[in-house]
Each structure stands twice: as structure tokens, then as C-alpha cells.
There are 2 protein chains.
Amino acid sequence: MTAPATRGRPGPRRALTQDQILDAALSLLDDGGANAASVRGIAAKIGVAPNAVYTYFPDKAAVVKALVERLLGEADHAAFADRNQPWRQRMETLALELRAQLTAHPGAVPLVIGGPMDGPQALALNERLLELLADAGLKPTTAARASYLLFVYVFGSIALEVADVQRPGPLPPESERIATRHLAFSAIPADPYPRAAAATTAMASFISTKQYIWGLHRVLDGII
Amino acid sequence: MTAPATRGRPGPRRALTQDQILDAALSLLDDGGANAASVRGIAAKIGVAPNAVYTYFPDKAAVVKALVERLLGEADHAAFADRNQPWRQRMETLALELRAQLTAHPGAVPLVIGGPMDGPQALALNERLLELLADAGLKPTTAARASYLLFVYVFGSIALEVADVQRPGPLPPESERIATRHLAFSAIPADPYPRAAAATTAMASFISTKQYIWGLHRVLDGII
DNA sequence: GATATAATCTGTACACTGTACAGAAAAAAA
DNA sequence: TTTTTTTCTGTACAGTGTACAGATTATATC
């Protein structure tokens, strides 16, 4: 798959692989946040000169694109491709899988939603969704619309969730993040925001799995 | 409102205002994309040394934060605060208003969804949503959940829409963007993606106002 | 095998980025 | 008038992406 296409031509053997570069990039993102995956940082991590990276990718954008593809591909499609399970269940599995995959790399999330989702893995994901929605009884065009809506919901949720924490590094446990939000929201004055001020506890927990599933079900209810 | 708080103290008069800086930043974003709003660019645009900006904002993040607040605040709340209209209508007005406001500045969108939406204007928006959903008959906690869901939908949609074009500058007209997508999607092979390949025309138009409204209605249907 | 060819990787360099620090000019307070 | 405080500038530093020119290395050709 990731075989070097340049064997049988002159020149020294490649010392690196694309995957090594992506590994390094992801690792930097994981403990440095979205801006930590610099070309120089990547190169340093694998012990090579900065511009050696450009042998494997034309520019940084290509690295990011490949990394996004890889992250999307790492979601296990097998689980929700199982047509024996009820479709809502499969949808839930898919949504949770994607969320788990992406929130495990919060620094990468801005990169995922920062570019067009038109790579092979995004298309594959879309295809699984279309199958699933067909099984749910939707006509192709409605299924396509619904698939896009679900994309919006899933990636929108994840984006808002990771945007909520500013410190780089792995996402703290849900409970801790909720506690932080609660603290922040407790400062909301009742004067201009009476309704928000009265709902701070609820609002604090909107980054939770529970709310994520609740929202998913509302969307699915709307699609029917 | 934005009065200089430092009058009645020694020192030369300020040559700039925060708004001038935000104007410059927005203008740079508008015709250079999300990375174009550099401190140096802003300073050059208003004819001042780069570090003069730091008199008005502690760092670049603060500039971005203020700019986001301003963009959110520029949505006209009056239209959908009118309780005489049916609530679905008001919701539609709100959603369209926000989309228009943000897609008018595509370069700013990554900045909007890149940080926590907890500023005064985000809270004000949330408050309007809560009022609206209360008028729709929802109980406070359900209204709060639904409000967050709508945030996710609106900003998620806008983010995906803006991420779809890579060239900086103003968003091309919808028809042109759809045509571009159509062209790109026409290359989708039927082999691994039969369903997607059969729906390219539909998929191309998912960045449209029509799809946006359709999705909104599905979400509202789900909320009831 | 010797030679030509083409692909790696490195060193250096350039134009950018955010921002820290030191100083000069300016205006109000004393 | 002198002191004090603020604003803005100049300079500087570490960091960014990446272009360019070699040196090195392996293959293909003669």
C-alpha cells in the first residue's frame, strides 16, 4: 500500500516512510496542540534535516491532508457495517467511534475540519452512511442530504468540544472538563442572560457523551 | 462604549482604537484567508510599528477573540427577537442571518470555531435561542440542550461550507461553488463508492442555502 | 566493470511570524 | 518646571514554511 513507488530508479534508498512522518506529526499534535506540527519539529523528531520532509510530501498542507486521511481511516468501519444490527444502533456506534477517534487527538481536530473532506476516507465514511441510511429506508437523495447533515453534526460537535479547551495535550476526562465549564459558567450574570444563568449546570455538561448522543437522536428523529 | 479608559493619566494620546485594529484584521482576513491577519500586517495596514498593536491587545489571541465577538455581535438580533412571528420563522431568520454574517468573512470562520464560544455575544446569541425555544414550548433544560444542538448545527454547517473552498478571498457565489464541487465529485469512482457516485449532483449542492435550511428543519423536527 | 543518470538528504538562505526589551516622545500631575 | 506615566518605535530573537545548490548514493546503460 504505502510501498515506495520509486524503486527501480537511481538514487539512494529512502531513509524514511510517509508513515513515520505522519507518526511524528501526530505525536507533536498530541502534546503540543494544533500548531505544534511544524515541518522542523517533525524532521527533528525523526532525526533528519527539515527539508528532507519535502521528499515525501510536496508541502506541509499535503502532510496535514494525509494525516487527516489517516485519522479518518482509523475509525473501525467493521462495527457499523454489520447489517444485522438495527440501523440506529449502527449509527450510534459510528458516531461514537468517530468521536472517540478524533477526541483522542484534539490537536488534529482543527486540521480535520480545516480542509475539504473529500479524501478517500471521507468518501468511504460517506458511503457507509449512505448504506446505513438506505437500510433505514431513505431514498437515495434524502439519504445523501441526511448523510451531509450527520457529517455536520458529528464534526461540528467534535469541533466545538475540542475548541472548548485551550491547553494543549490530551483532552482531560469529561468530568474534569465539565467541572471547568461549570466554574466558568457560574460567572454568567443573570441580568443580561437570565435563561443562561438559570441553566449553567446543564450547559456545563454539553460537551458530554450524553449530550452528544441526545443530539444525534434528535437529528435522527428529524430525519425519521 | 469603546472609550479610551486611559484619559486623565499621563502619556501621549492614543493614535489608534481597538476598532481600527479589528477593521484592519478583518480586512486582511477577507482578502488573504485565515492566516493573513498577522500582527505585522495589521500594523502595516494602519501605518504603525508592529508592536504598537500590543498597546491595545495583550497578544494576538486577544485580537482574534475580540474580532470573533464583533462578528457574532454584528448579527442583527432584532429580527428574530420579534415574538409576534412564529418561532420556526424566527429560528430560520436567526440561522440565515448568522450564516450570511459569517460566510461574508470566510477567513474569519476558522477563528470563530477555533476557540471557546463563551464571550458576551455568544452568550447573547444563546440567550436569544433559549427565549425562542421557550416560546416553542420547550422546558428550560430541554431548551438548553436544543440550543447547544443548534449551535453545533449552525456553526458546523458554516465551518464545513467554508472549509470547502481553499482559495482565500470572498466566497464565490453559491452556483459557482456548486459547479466546482460537481466537477470534483464527478471523479468519484463507482467501484468503492457506488452510492456516492450515484448522488454526485445532490452532494455537490450541499453547501447551498437550500440544504442549510433543510438540515435546520430536520433538526427542529427532531427537537419538536 | 566503468560511466552516466537520477533520486535522496544536508546546508544555507530568505521572507515571514509573534513578541520581548529598551528607549524616545508626549502629555498630564505634582 | 519637574516628575511620572503612557504610547509608540527600533531592534532583536526564536520560530515558521520552503526554495536552491551541492554532496552522496544507488540504479540503468554502455
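All chains are named by letter (A, B, ...) in the order of the sequence lines, taking the proteins before the strands, and each is independently numbered beginning at 1.
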Under 4.0 Å between a side-chain N/O of B:Thr55 and OP1 or OP2 of D:dT7, yes or no?
no
Would A:Asp164 and A:Arg181 pass as an ion pair if we require N to O under 4.0 Å?
yes
Just compare D:dC8, C:dT10, C:dT17 and give me whichever is closest to any side-chain atom of B:Ala15.
D:dC8
Protein-nucleotide distance (B:Leu16, atom CG; D:dT6, atom C1'), rounded to Å
14 Å
In terms of ring plane angle, is the pair B:Tyr148 and A:Phe206 parallel, tilted or perpendicular, where the classes change at 30° and 60°?
tilted
Specify the separation, in whole Å, of atom CD1 of B:Ile21 and atom C1' of C:dG18.
15 Å
Whole-Å distance separating the NZ atom of A:Lys60 from the C1' atom of D:dA19
17 Å
For B:Glu97 and B:Asp76, indicate whether the former's side chain and the latter's backbone hold a donor-acceptor pair under 3.5 Å.
yes
With a 3.5 Å cut-off and heavy atoms only, can you find an N or O donor on one side and an acceptor on the other between the side chain of A:Arg40 and the base of D:dG15?
no
Examine C:dC9: is either OP1 or OP2 under 4.0 Å from a nitrogen or oxygen in the side chain of A:Tyr56? Give yes or no.
yes
To the nearest Å, how far apart are A:Phe57 CZ and D:dG17 C1'?
16 Å
When you measure from the centre of the six-membered ring of B:Tyr56, is the NZ or CZ of B:Arg14 closer than 6.0 Å and no more than 45° off the axis?
yes
In whole angstroms, the gap separating P of C:dT8 from CD1 of A:Ile46 amounts to 15 Å
Just compare D:dT16, C:dA7, C:dG18 and give me whichever is closest to any side-chain atom of B:Val39.
C:dG18
Is there a side-chain polar atom (N or O) of A:Arg13 under 4.0 Å from OP1 or OP2 of D:dT27?
yes
pair B:Leu96-B:Ile213: side-chain heavy atoms closer than 4.5 Å:
yes
Using 4.0 Å as the upper bound for N to carboxylate O, is an ion pair formed by A:Glu174 and A:Arg177?
no
Nucleotide N/O of nucleotides 28-30 of chain D paired with protein N/O under 3.5 Å:
residue, atom, partner, partner atom, Å
D:dA28, OP1, A:Gly8, O, 3.2

Give a yes-or-no answer on whether the side chains of A:Glu161 and A:Thr103 include a donor-acceptor pair shorter than 3.5 Å.
no
Can you measure A:Tyr54 atom OH to D:dA21 atom P for me and round it to whole angstrom units?
17 Å
Base, sugar-phosphate, or nothing for A:Asp59, non-hydrogen atoms under 4.0 angstrom?
sugar-phosphate
